[in-house]
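Reviewing the structure listed below.
What you see is a predicted model; the values in this text were computed from it and never measured. Each chain gets a letter, A, B and so on, in the order the sequences are listed, and its residues count up from 1.
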Amino acid sequence: MPEPKTSSYLDSLNDVQRQAVTTIDGPVLVVAGPGSGKTRVLTFRIAHIIEQGTAPWEILALTFTNKAAREMKGRIEEVVGKRASYIWAGTFHSLFARILRVEAQHIGYPSNFTIYDTDDTKSLLNSIIREFNLDPKVYGANAIKNRISSAKSSLITPKLYEKNEELLAQDKLANMPLVYKIYTAYVARCKKAGAMDFDDLLFRLFELMQNVPEVVQKYREKFKYVLVDEFQDTNTLQYAIIKKLVQYPDSPRNICVVGDDAQSIYAFRGATIQNILDFEQDFGQFGIQTFKLEQNYRSTENIVNTANAVISYNKRQIQKSIWSDKGVGDKIRVIKAVDDNEEGRRVADTILEQKNRYHLQNNDVAILYRTNSQSRIFEEYLRRFNIAYRVYGGQSFYQRKEVKDLIAYLRMVVNPNDEEAFRRSINHPKRGIGGTSVAKVTTLARQQNLTLFEALKHVDLPKRTRHAADGYIHVIEQAMAKADTANAYELADLIAKGSGLTDMLRNDKSIEGMGRLENHEALLDGIKSFVEDDTVIDTDTLPDKSLATYLQNIALLTDADESDSTNTDVVTLMSVHAAKGLEYKSIFVVGLEEKLFPSWMSMDSMEGLDEERRLFYVAITRAELYLTLSYANTRYRYGKMVMNEPSRFLAEVPADAVENTTGGGRRSNDFEFDKVARQREHRARVTGVTPNKRRGTARFAAPKVDPATFEPSPITEVETGRRVLHLKFGEGKVLHVDGGADNRIATIHFSDLPQPEKRIMLKFAKLQVLD
DNA sequence: ATGCTGCATATTTTT
DNA sequence: TATGCAGCAT
């Protein structure tokens, strides 16, 4: 007797989806084409497992992004209620870190281990390279980081690396025969510092499961059902861990992986579709059940057919036929521009045209490019056309220097062995402890096998430097003494003040300096709201609201987690990679030229080109209704004009899906189109000058003043009483000017700011005098 | 120890 | 074009 309640959510699924949801026992492979309701299947499946009597905490659901995890949890909650919060749903890295905190002692790590981010890794590698007296030009930190990362992802320890002829040969060829030594040292130094990098979170867990039977046993019993999202993006190491969990004698093998080989775009990071093929191999004898979600609910037939045609040029793929019943839809438009400027203008103009013709909102539109550097020109023209936009990508809040500087201190308090945090904080703010002193500390640490922080206490230093060092030690130890009782905010506040970081930033009156201060304060505010937030964070080991818990939370949070005010109506600009999983009514895929898309770096191998093609496939399948492709004959790259052929991918788009642009008639049409565009641009420029009055502009983009019309005046014209325009702050009135000759500082009242009075160094400022 | 200038350098990047 | 870092001058 099926319960009537159960049927309610199952009713909204198609046949294949429903089978994929209700077949919960044994190995299951779900091949999910773009827009095929993959997330629905995954969430309903988990809900179904719970409805069938499994406890939420016995379910492990692995995703790649925090965002995907949050979304999944939210949607499960809609079906099963609050119980959803007990599901082990999260990213590989965050869930594994959580397990490692509990089990760390088995592998000689403290449970408060630090997580090294990419910058920490590179900086540590650079120290090692310097200590080995190797040429940092030959031994590039980035290249070595990638070597080490891919070694770890392929389960190759330093010992194995040392014996691996192939890897050694590759290194020799790259003129870096000593990579294995660096790898060995790097691993040792991480361990010494009580730190794990992103790969270690996976690798160490694997090691743990490999070497400590009680631990594997424990988690095998705990997780009754395991689900993996975006399986095509997993690497060998991730798959190895999954197998550890579900592949053992007498295992029920309740494993479900969901993915799409055609959307695998992270091979350059070690992801391999081979995992999908291996999965079929590894679990085949245990009655694997495969479901193919082939109906695309997102896009028109024209778009789906184009995507199918394009991807068919790839050799290796899982057979499937994606289809849509949403009607043929509009043809695909191709914009040919003579140069990158024209491309920008034509795209902006087409957006306006589509907004009018199809009543689209800015929100319905996204511009996708291969490289982030392409965004600039589009930003320029969107501003000129008065279209609000937002650029995704680039560096996140937690990557900023000033933010990382304070965090380095906090990390020292939690784990004083953290070498990178030490290096970062020891002379920041400048207290006169430079390279020479740090070298002394390092030597002593090496000799006596001390951590850097311990060595600093005992090292012989000149009086002045000793004094500075004691000050530093005092700040850290003072906070450490309170770490058990004080919450994260109290400690952070103590350190921000005690270290002199806040003062240093306050004293910097430059515009950039003010931005830094703002970020510094935003970080403190963030910590405060973390402390005040009443949701309990499940860490198993760390005390709630503690600094350690806070750090653990942010370490794995790089994502666009920055309270993304989704309500604002803006056009989205981002790389194709960043667009995965998203959808828009109208999509512009731009810069479709050889050597750009496909990227020149990928063009020398078949695999590289196939991955670029999958990337193109991902790009076009983001579109629901309208797809526009564009390219330019010439564009500026690194300041040089370059000429490129149209992308080969354009030739792979079926001609009958494209709006007819052949023949001379279209050319005159193009010309008209351009003329109209220029007129519009002109109007927008004329009306666009009125600053500070635009509605619905994005937080990060579209400044109050239009840079296109902004003309800085000579600083001699900035005088008391004058009205001036500032690029960031808008319109203001000069209250007075002081300082002599070269160092004139103007105090200006900007009425649009929360704190209207700003002191601005005229030497650096760009101000336009208005009257 | 620090600050500046000149030069080499240059995908994509869930964590 | 923009950025970051190495080497030099202070």
Side-chain angles (χ1 to χ4, degrees), chain A residues 62-70 90-97 115-119 121-122 126 130 135-137 140-142 145-146 149 152-153 196-203 229-230 232-235 237-238 263-271 340 368-374 376-377 392-396 398-399 401 427-439 462 464-465 468 554-561 574-582 591 595-603 608 611-612 614-616 618-619 635-642:
Chain A
L62 297 161
T63 65
F64 278 82
T65 64
N66 296 309
K67 201 173 138 211
R70 262 198 308 273
T91 64
F92 279 88
H93 292 83
S94 71
L95 294 182
F96 292 176
I115 297 170
Y116 274 177
D117 69 10
T118 316
D119 287 348
T121 297
K122 278 195 267 187
N126 273 322
R130 267 195 306 271
D135 183 356
K137 278 201 186 109
N142 249 324
K145 181 185 65 100
N146 288 337
S149 175
K152 284 183 184 168
S153 307
M196 297 199 200
D197 66 18
F198 289 140
D199 297 314
D200 285 330
L201 294 177
L202 313 177
F203 192 76
D229 191 15
E230 307 278 15
Q232 78 281 353
D233 289 332
T234 50
N235 61 34
L237 175 52
Q238 285 161 327
Q263 293 184 67
S264 159
I265 55 177
Y266 285 101
F268 72 96
R269 282 182 72 164
D340 44 0
L368 309 182
Y369 34 75
R370 177 69 242 261
T371 66
N372 285 121
S373 61
Q374 286 166 261
R376 217 204 73 241
I377 272 180
Y392 277 83
Q395 101 187 135
S396 91
Y398 295 100
Q399 315 262 64
K401 267 205 195 74
N427 201 25
H428 212 283
K430 302 250 177 321
R431 41 171 80 81
I433 307 177
T436 328
S437 307
V438 173
R464 190 181 265 262
T465 319
I554 61 158
L556 298 170
L557 197 139
T558 21
D559 184 26
D561 194 56
M574 60 188 159
S575 71
V576 181
H577 283 92
K580 195 162 88 161
L582 305 177
K595 296 182 186 168
L596 182 59
F597 199 169
S599 158
W600 59 275
M601 296 261 351
S602 317
M603 285 176 67
E611 172 138 327
E612 295 287 312
R614 290 192 296 267
L615 199 51
F616 183 53
V618 168
R635 73 171 59 237
Y636 277 93
R637 249 184 138 182
Y638 313 136
K640 273 218 164 60
M641 166 116 79
V642 289

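Atom CD in A:Q238 sits about 14 Å away from atom P in B:dT14, given to the nearest Å. The distance from atom CZ of A:R635 to atom C1' of C:dT1 is 14 Å, rounded to the nearest whole Å. Atom CG of A:L237 is separated from atom C1' of B:dT15 by 13 Å (rounded to the nearest Å). Separating the NE2 atom of A:H428 from the P atom of B:dA1 is a distance of 16 Å, rounded to the nearest angstrom. Remark: C1' of B:dT15 and CG of A:L202 are 8 Å apart, rounded to the nearest angstrom. A:L62 has its CG atom 14 Å from the P atom of B:dT15, to the nearest Å. Per the geometry, CG belonging to A:L556 stands 8 Å off P belonging to B:dT15, to the nearest Å.
In terms of the side chain to side chain contact (heavy atoms under 4.5 Å, CB included) criterion, residue partners of A:M603 (sequence neighbours excluded) are, by chain and number, A:E594, A:K595, A:P598, A:L609, A:R648. For A:F268, the ring-ring contact (aromatic ring centres under 6.0 Å, His included) partners at least two apart in sequence or on another chain are A:Y266, A:H577. Every side chain to side chain contact (heavy atoms under 4.5 Å, CB included) that A:S599 has, sequence neighbours left out, goes to A:R370, A:M601, A:S602, A:E612.
Put simply, the side chain of A:Y636 does not reach to within 4.5 Å of the side chain of A:R376, judged on heavy atoms.
Base orientation for B:dT11: syn, the chi torsion being within 90° of 0.
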Fill in: Stepwise side chain to side chain contact (heavy atoms under 4.5 Å, CB included) test for A:M574 and A:L582
CA-CA 11 Å; A:M574 60 188 159; A:L582 305 177; 3.3 Å; yes
Discussion item. Apply side chain to side chain contact (heavy atoms under 4.5 Å, CB included) to residues A:L615 and A:F597 and explain how you reach the verdict.
Written reply: CA-CA 9 Å; A:L615 199 51; A:F597 199 169; 4.2 Å; yes
Practice prompt. Decide salt bridge (charged side-chain N to carboxylate O under 4.0 Å, His left out) for A:D197 and A:K152; before the verdict, give the C-alpha distance in whole Å, the side-chain angles of both, and the deciding distance to 0.1 Å.
Written response: CA-CA 11 Å; A:D197 66 18; A:K152 284 183 184 168; 2.8 Å; yes
Worksheet entry | Audit row: A:L556, A:F198, side chain to side chain contact (heavy atoms under 4.5 Å, CB included) steps and yes/no | CA-CA 9 Å; A:L556 298 170; A:F198 289 140; 3.7 Å; yes
Practice prompt. Evaluate the side chain to side chain contact (heavy atoms under 4.5 Å, CB included) criterion for residues A:H93 and A:I115: first the C-alpha distance (whole Å), next the side-chain angles of each, then the deciding distance (0.1 Å), finally the verdict.
Written response: CA-CA 10 Å; A:H93 292 83; A:I115 297 170; over 6 Å; no
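Among A:R269, A:Q263, A:K580, the single residue meeting the side chain to side chain donor-acceptor pair (under 3.5 Å) criterion with A:D233 is A:K580.
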Please list, pair by pair, any protein nitrogen or oxygen found under 3.5 Å from a nitrogen or oxygen in nucleotides 2-7 of chain B.
unit_1, atom_1, unit_2, atom_2, d
B:dT2, OP2, A:N427, ND2, 2.9

Could you list all N or O pairs between the protein and nucleotides 2-10 of chain C that sit under 3.5 Å apart?
none

List, with names and distances, any nitrogen or oxygen atoms from the protein found under 3.5 Å away from nitrogen or oxygen atoms belonging to nucleotides 11-13 of chain B.
unit_1, atom_1, unit_2, atom_2, d
B:dT12, OP1, A:N372, N, 3.4
B:dT12, O4', A:R370, NH2, 3.0
B:dT12, N1, A:R370, NH2, 3.3
B:dT12, O2, A:R370, NH2, 2.4
B:dT13, OP1, A:S575, OG, 2.6
B:dT13, OP2, A:N372, OD1, 2.9

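Nearest-nucleotide positions on DNA chain B place A:T465 closer to the 5' end than the other of A:T465 and A:S94.
Minimum heavy-atom separation, A:S149 to A:D199: OG-OD2, 2.9 Å.
The residue A:T436 sits close only to the backbone: its heavy atoms come under 4.0 Å of sugar-phosphate atoms, none of a base.
Regarding contacts with the backbone of B:dT14, every side-chain N or O of A:N66 stays at 4.0 angstrom or more from both OP1 and OP2.
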